[in-house]
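All residue numbers in this chain count up from 1 along the given sequence.
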Amino acid sequence: MERHISIINQHLHDLNPLNCGWQACTASHSYGPAARDYYLIHYILSGKGIFCRDNQRINLARGDLFLIRPDELTFYQADHEDPWNYIWIGFDGALCASLVNRSVLEGDRASVHLPEAEPLFLQIQNEFEHLIGSELFLCAKLYELISVLQPKTVLEREKDEYIQRVVDYMKANYASPVRVEQIARMIGLNRHYLSRIFSREMGMPPKQYLLEMRLNRAAVYLVQRDYSVKEAAHSVGYDDVFNFSKVFKRYYGLAP
């Protein structure tokens with residue numbers, strides 16, 4: 001099913017909507033190779049597909065957005081088993097190049113995973129036809145989308161890097177007696193601050209994350225490798241087998 005929305009070209013100077021629509025594609029449905037003379041964004045609401053440009057093949061799925069630039073030759077195709085359902089917006093205007101190049105799609109980048117944009121596109125789909133001045137509504141949504149596409153602040157990037165360092169260190173050292181205080185000192189953060197940003201991003205405190213990582217790995221050793229309880233315990237950083245067994249049973253509901 002394909003739906004095109006009628007738009008009157010208002011010739012807005014800065015950011016000017018040209019077309020909009022959505023489609024639930026059939027298996028292996030494709031478009032191109034072809035080019036346009038305006039910017040075109042597709043946002044994937046469900047399913048999967050591929051996007052090809054400049055000898056690149058990009059696999060995309062729900063929550064992904066891809067951008068076609070003016071006069072760029074592209075090809076895209078729905079998956080043959082789980083075809084995608086997407087919504088698109090075409091636009092031009094004097095600020096397009098500048099706004100795109102200041103976003104996460106700067107340079108030559110053509111796609112980004114952006115699940116936080118889904119409510120915006122669903123609002124376009126659900127409300128567009130019921131509005132007077134729908135072109136201005138769509139223009140406002142384009143500006144809103146550009147704001148969502150802005151890069152993270154330096155502080156946010158630093159937080160992401162700290163969390164990645166913690167996770168990578170745990171993965172590499174869970175067999176040793178790792179402590180959260182030790183990791184915080186190593187990366188130069190206050191322990192409470194580290195716990196706060198880690199919990200917000202990962203959904204649990206670092207201590208709990210390390211515990212679950214160890215116990216999940218221990219379960220693999222016990223079930224798939226046929227390790228003894230003592231061998232599994234020592235392999236994930238527990239010197240006290242009794243304590244390991246107690247923690248394991250509390251987490252999994254049965255003794256190792």
Taking atom [atom1] of [X] as the centre, report whether more than 12 heavy atoms of other residues, nucleotides or ligands fall under 6.0 Å from it.
{"X": "Asn190", "atom1": "CG", "value": "yes"}
{"X": "Leu254", "atom1": "CG", "value": "yes"}
{"X": "Arg62", "atom1": "CZ", "value": "no"}

Stacked cation flag Arg217 on Tyr221, 6.0 angstrom / 45 deg: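 Here Arg217 passes the 6.0 Å and 45° test against Tyr221.
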Once you measure the plane-to-plane angle for [X] and [Y], does it fall in the parallel (<30°), tilted (30-60°) or perpendicular (>60°) bin?
{"X": "Tyr76", "Y": "Phe51", "value": "tilted"}
{"X": "Phe248", "Y": "Phe244", "value": "tilted"}
{"X": "His42", "Y": "Tyr86", "value": "perpendicular"}

For [X] versus [Y], what's the shortest heavy-atom pair and its separation?
{"X": "Arg36", "Y": "Ile68", "answer": "NH1-CD1, 3.6 Å"}
{"X": "Pro33", "Y": "Phe75", "answer": "N-CD1, 3.9 Å"}
{"X": "Asp64", "Y": "Ala61", "answer": "OD2-N, 2.8 Å"}
{"X": "Gln123", "Y": "Phe137", "answer": "O-CZ, 4.2 Å"}

Quick one: do Glu181 and Arg185 make a salt bridge, cutoff under 4.0 Å?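 No, Glu181 and Arg185 are not salt-bridged.
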SB check Asp108 Arg53 (cutoff 4.0 Å):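 Counted as a salt bridge, because a side-chain N and a carboxylate O are separated by less than 4.0 Å.
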Could you tell me which residues satisfy side chain to side chain donor-acceptor pair (under 3.5 Å) with Asp168, sequence neighbours excluded, listed by chain and number?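 Scan of Asp168 (side chain to side chain donor-acceptor pair (under 3.5 Å), adjacent residues dropped) gives Gln164.
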Sub-3.5 Å donor-acceptor pair from the side chain of [X] to the main-chain atoms of [Y], do we have one?
{"X": "Gln77", "Y": "Ser28", "result": "yes"}
{"X": "Glu135", "Y": "Ile8", "result": "yes"}
{"X": "Asp14", "Y": "Ala94", "result": "no"}
{"X": "Ser176", "Y": "Val178", "result": "no"}
{"X": "Asp54", "Y": "Gln56", "result": "no"}
{"X": "Glu201", "Y": "Phe198", "result": "no"}
{"X": "Thr26", "Y": "His29", "result": "no"}
{"X": "Asn59", "Y": "Ile50", "result": "no"}

Could you give the distance from [atom1] ([X]) to [atom2] ([Y]), rounded to the nearest 0.5 Å?
{"X": "Cys25", "Y": "Tyr31", "atom1": "SG", "atom2": "OH", "value": "12.5 Å"}
{"X": "Leu142", "Y": "Leu99", "atom1": "CG", "atom2": "CG", "value": "10.0 Å"}
{"X": "Leu67", "Y": "Leu65", "atom1": "CG", "atom2": "CG", "value": "7.5 Å"}
{"X": "Leu18", "Y": "Phe91", "atom1": "CG", "atom2": "CZ", "value": "9.0 Å"}

Does one side chain, of Ser195 or Arg191, offer a donor that lies under 3.5 Å from an acceptor on the other?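 No, because no side-chain N or O of Ser195 sits under 3.5 Å from a partner of the opposite role on Arg191.
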Is a side-chain donor-acceptor pair under 3.5 Å present for Tyr252 with Asn216?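 A donor-acceptor contact under 3.5 Å links the two side chains.
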Test item: Cys96 and Leu15 side chains (from C-beta on) under 4.5 Å apart, heavy atoms: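 Yes, close enough: below the 4.5 Å cut-off.
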